[in-house]
Structures are given as C-alpha cells and as structure tokens.
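Right, one structure below, let's go through it.
Only heavy atoms go into these numbers, but all of them, side chains included; no hydrogens, no water, no symmetry mates. Remember, it's 1-based here, ligands and their atoms both numbered in the order they're listed. Model, not experiment: these values are computed from the prediction.
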Amino acid sequence: MILVYINTQNGIAKAACEAVTYAKKLGEVVVITNGNLESSSLESLGEYGATKVMVDRNFEGDDAQQVSHMIHWAANQSGANTVVFSHDLTGKSVAPRLSVKWKAGLIAGAISVPDANGVCKVNVFSGKAIGHVKVSSANRIISLLPNSIQPEKVGGTCSVEEVNSGAPNSVIKVLSTKKPEGSIPLPEAELVVSAGRGLKGPENWGIIEELATSLNAATACSRPVADIGWRPHHEHVGQTGVAIRPNLYIAVGISGAIQHLAGVNGSKVIVVINTDPEAPFFKAADYGIVGDAFEVVPKLTEAIKSFKANQN
Ligand SMILES: Cc1cc2nc3c(=O)[nH]c(=O)nc-3n(C[C@H](O)[C@H](O)[C@H](O)COP(=O)(O)OP(=O)(O)OC[C@H]3O[C@@H](n4cnc5c(N)ncnc54)[C@H](O)[C@@H]3O)c2cc1C
C-alpha cells in the first residue's frame with residue numbers, strides 16, 4: 001500500500017496528479033489530505049489511480065507539525081509501507097519530521113521510480129549530479145521532484161472518507177497570505193520565459209511578457225532582478241530561489257551564473273538569448289542565439305504567433 005500526501009489549498013494541483021501517478025507505479029494508492037476542498041474534486045484523483053482519499057477536515061493549511069502528524073496517523077491506519085509526496089516547500093518541511101516519527105528512511109528529490117532493487121535516482125548538488133539511493137528501513141518516504149513525471153490518467157474511480165487524525169492545534173498564527181500573481185504557478189509551468197539584468201530595467205519586461213503569453217508560458221527572472229525590485233521575488237529562480245524543471249526554459253539576458261543554473265539545469269530544453277557569445281549560459285544551452293534581446297525577442301514572438309495562426 002502506498003500513501004500519498006497532497007496539498008489541496010489551491011485545489012488539485014499538477015504536483016498532486018504527478019505524485020499519484022508515480023505512486024500508482026509502486027502499488028495500490030491511498031491519498032491523505034486535509035482542508036475543505038469539496039469531495040467531488042478529491043474524487044478526480046481516481047482518474048490517476050487512487051482508490052481512496054482520506055480527508056481530515058478538522059484543520060486547514062500546511063503547518064508541518066499538523067501535516068506530519070496526520071500523515072503518520074494515516075500511514076499507520078492504512079498499513080502503508082511507503083509515503084510519497086511532492087518535493088515542494090511543504091514536502092521539504094514535512095519530510096524530516098515524518099522520517100523521525102515513522103522511523104523511515106527518506107529519499108528526497110526523487111526523479112525516478114525505484115528499480116527492482118529499490119534503488120531510486122535523486123538530484124544532488126543542485127542538479128549537477130544524480131545520486132542512486134536506497135533506504136534500508138522497513139518503511140520509506142519518497143519526495144518527488146516536481147515535473148519529473150507526467151501525470152497519467154488511468155480512468156479509475158475512488159471513494160472519499162472523512163477522517164480525524166487528531167492533529168494538534170497549530171502553534172502558528174497566519175496573519176495574512178499573499179498569492180503570487182500570474183495564472184501559471186512557476187513550479188508547475190511546463191514552459192518558462194525568464195530574463196535577467198540584460199533587460200536593463202523593469203520598463204522593458206513587456207517583450208518578455210508578450211513572448212510568454214504567445215507560448216502560454218510562466219515568467220521568471222534572475223536573482224538580482226528580483227533583489228532590485230524589477231520583478232516580484234516569487235519569480236526568482238536559482239539556488240536561493242525556486243528550482244524548476246520545465247520542458248522549455250528560455251533565458252534572455254541572463255549570464256548563467258552557477259547559482260542561477262542550480263535552479264534551472266533540470267529543464268528539458270534550454271534556449272539562451274545573449275549578446276555575449278562567451279556568456280557561460282551557452283555551455284548549458286540546447287539552443288543559443290547570440291543577439292540583442294530587444295531585436296531577437298520581438299521577432300521570436302512574431303514567429304510564434306504566425307506559426308500558431310497558420311496551425312489554426
Ligand atoms: C550565495 C549566492 C546565491 C545566489 N543565488 C542566485 C539565484 O538563486 N539565482 C540567480 O539568478 N542568481 C543568484 N545569485 C547571483 C548570481 O551569482 C549572478 O550574479 C546572477 O545570476 C546574475 O544575474 P544576471 O544574469 O541577470 O545578470 P548579469 O550577470 O549582469 O548578466 C546579464 C547578462 O545579460 C547579457 N546582456 C546584456 N545586454 C543584453 C541584451 N541587450 N540582450 C541580450 N543579452 C544581454 C550580458 O551579456 C550578460 O550575460 C547568487 C549569488 C550568490 C553569491
């Protein structure tokens with residue numbers, strides 16, 4: 001039995017479907033979550049292979065103490081020997097707590113399903129290398145790196161059971177929350193257009209947004225751009241920002257410093273646009289355009305728009 005924890009604060013996210021798809025490859029899947037998402041939405045996880053969703057409606061949010069208590073309770077209740085969840089911010093804070101409570105080894109940042117010997121590939125050193133990890137404990141926890149697996153619909157149905165895990169009261173009081181703007185959450189985006197200091201100023205981001213809109217992509221930026229206030233902090237990718245693994249990452253006017261690459265080098269295809277042919281980013285690129293962003297980007301956007309128009 002495989003137990004999957006999903007965060008349903010913003011509905012059924014792509015990361016949840018990925019985690020259920022992943023777990024389905026290991027065995028029968030039961031999901032545990034909390035909060036007030038309606039049962040009809042939770043039932044949709046049956047399409048990805050879950051047979052049951054347990055939901056604790058007695059608390060909301062993703063306080064790691066409460067969530068780790070709930071998962072521990074559900075693991076014992078369901079008889080699971082493996083717990084899977086997304087290697088996102090909640091996952092990273094829940095995983096070590098659960099590991100201690102459940103006396104279970106943790107495979108953090110998995111990018112593959114364990115092989116017949118239980119060996120799983122994980123990203124290490126900010127994606128610069130791949131580790132092969134196996135846990136020796138009877139129970140194991142796997143946190144799955146977002147975008148490592150495509151959600152697969154298998155066409156099943158699942159039941160929803162309301163439970164009370166007895167989670168303790170939260171010691172954290174949330175005073176306010178601010179949601180990132182933009183319709184596509186960066187960690188879930190399959191296409192990302194990102195820009196750096198080469199754009200010269202915030203007033204020039206129109207060409208980046210237009211390119212992103214033409215592709216239906218999310219926007220991102222380098223750290224100095226967020227630090228100076230040209231772009232919001234939630235767009236900052238890299239070692240100290242969000243780590244992403246989109247199918248396509250277009251980097252415009254970004255030099256490709258090691259700290260930036262650490263957050264984006266898991267991208268399937270990298271396209272770099274930079275005036276400097278010696279920019280380090282070209283070494284990590286699948287496709288490179290040596291040229292001025294202010295000339296290249298509008299032309300690229302036009303080309304994409306006319307390609308799409310011809311498709312219709
Ligand atoms: C501890 C630590 C953590 C860090 N974490 C991060 C992180 O998480 N993410 C991150 O991004 N950085 C991080 N940094 C900063 C990082 O080292 C680099 O300084 C930063 O990534 C550089 O940002 P940039 O590429 O936008 O700017 P620059 O290095 O100034 O590069 C601008 C690029 O734009 C090009 N360019 C200029 N004009 C044009 C034009 N008209 N058209 C096209 N190209 C043009 C230039 O050739 C240049 O390559 C970190 C640094 C430290 C010390």
G196 neighbourhood, listing ligand 1 atoms whose heavy-atom distance to it stays under 4.0 Å: 26 (O)
Residue selection (non-hydrogen contact nearest atom 9 (N) of ligand 1) among V296, D276, V237, T240: V237
Numbering as shown, the atoms of ligand 1 that approach S255 to under 4.0 Å (heavy-atom distance): 22 (C), 25 (O), 28 (P), 29 (O), 31 (O), 33 (C), 49 (O)
Contacting atoms of ligand 1, where contact means under 4.0 angstrom from a heavy atom of H260: 9 (N), 10 (C), 11 (O), 21 (O)
Contact atoms of ligand 1, heavy-atom distance to Q239 under 4.0 Å: 7 (C), 8 (O)
Proximal candidate to atom 21 (O) of ligand 1 [heavy atom criterion; set P277, A257, A262]: A257
Nearest neighbour in protein (non-hydrogen) for atom 48 (C) of ligand 1: N274 ND2, 3.8 Å
Atoms in ligand 1 with a heavy atom of F294 nearer than 4.0 Å: 41 (N)
Any donor-acceptor N or O pair under 3.5 Å, side chains D276, N274: no
Protein residue, atom and distance nearest to atom 24 (P) of ligand 1, heavy-atom basis: S222 OG, 3.7 Å
Nearest-neighbour protein heavy atom for atom 41 (N) of ligand 1, which is reported as residue plus atom name and distance: D292 OD1, 3.0 Å
Nearest option to atom 22 (C) of ligand 1, as decided by whichever heavy atom of G241, P224, A251 sits closest: P224
Pair E60-N36, side-chain donor/acceptor within less than 3.5 Å: yes
Atom indices of ligand 1 within 4.0 angstrom of G198 heavy atoms, with elements: 32 (C), 34 (O), 36 (N), 37 (C), 38 (N), 39 (C), 40 (C), 41 (N), 45 (C)
Option whose closest heavy atom lies nearest to atom 3 (C) of ligand 1, chosen from E278, H236, E295, R223: R223
Residue pair E38 / S41, side-chain donor-acceptor N/O under 3.5 Å: yes
Exam field: side chain T8 to backbone N34, donor-acceptor pair closer than 3.5 Å: yes
Electrostatic pair E152-K24, nearest N-O below 4.0 angstrom: no
Heavy atom of the protein closest to atom 33 (C) of ligand 1 (residue, atom name, distance): G253 O, 3.4 Å
Under-4.0 Å protein heavy-atom contact, atom 18 (C) of ligand 1: yes
Side-chain donor-acceptor contact under 3.5 Å, D62 with Q9: yes
Sub-4.0 Å heavy-atom contact, G291 with ligand 1: yes
Heavy-atom nearest neighbour in the protein, as seen from atom 14 (N) of ligand 1, with distance rounded to 0.1 Å: Q259 CB, 3.7 Å
Identity and distance of the protein heavy atom lying nearest atom 38 (N) of ligand 1: K200 NZ, 2.9 Å
Check against salt bridge (charged side-chain N to carboxylate O under 4.0 Å, His left out), K299 and E295: CA-CA 7 Å; K299 282 188 186 154; E295 287 172 24; 5.2 Å; no
K268 and N147: side chain donor to acceptor below 3.5 Å: no
Polar contact flag, side-chain donor to acceptor under 3.5 angstrom, T33-Y5: no
S86-E18 side chain donor-acceptor pair, cut-off 3.5 Å: no
Ligand-side contact atoms (ligand 1) for residue partner A293, heavy atom cut-off under 4.0 Å: 40 (C), 41 (N), 42 (N), 43 (C)
Parallel, tilted or perpendicular: ring planes of F281 versus H260, cut at 30 and 60 degrees: perpendicular
R223 and T240 side chains, donor-acceptor separation under 3.5 Å: yes
Taking atom 45 (C) of ligand 1 as the reference point, the nearest protein heavy atom with its distance: T275 OG1, 3.3 Å
Under 3.5 Å side-chain donor-acceptor pair for D56 and S165: yes
Closest protein heavy atom (residue, atom, distance) for atom 30 (O) of ligand 1: R197 NE, 3.0 Å
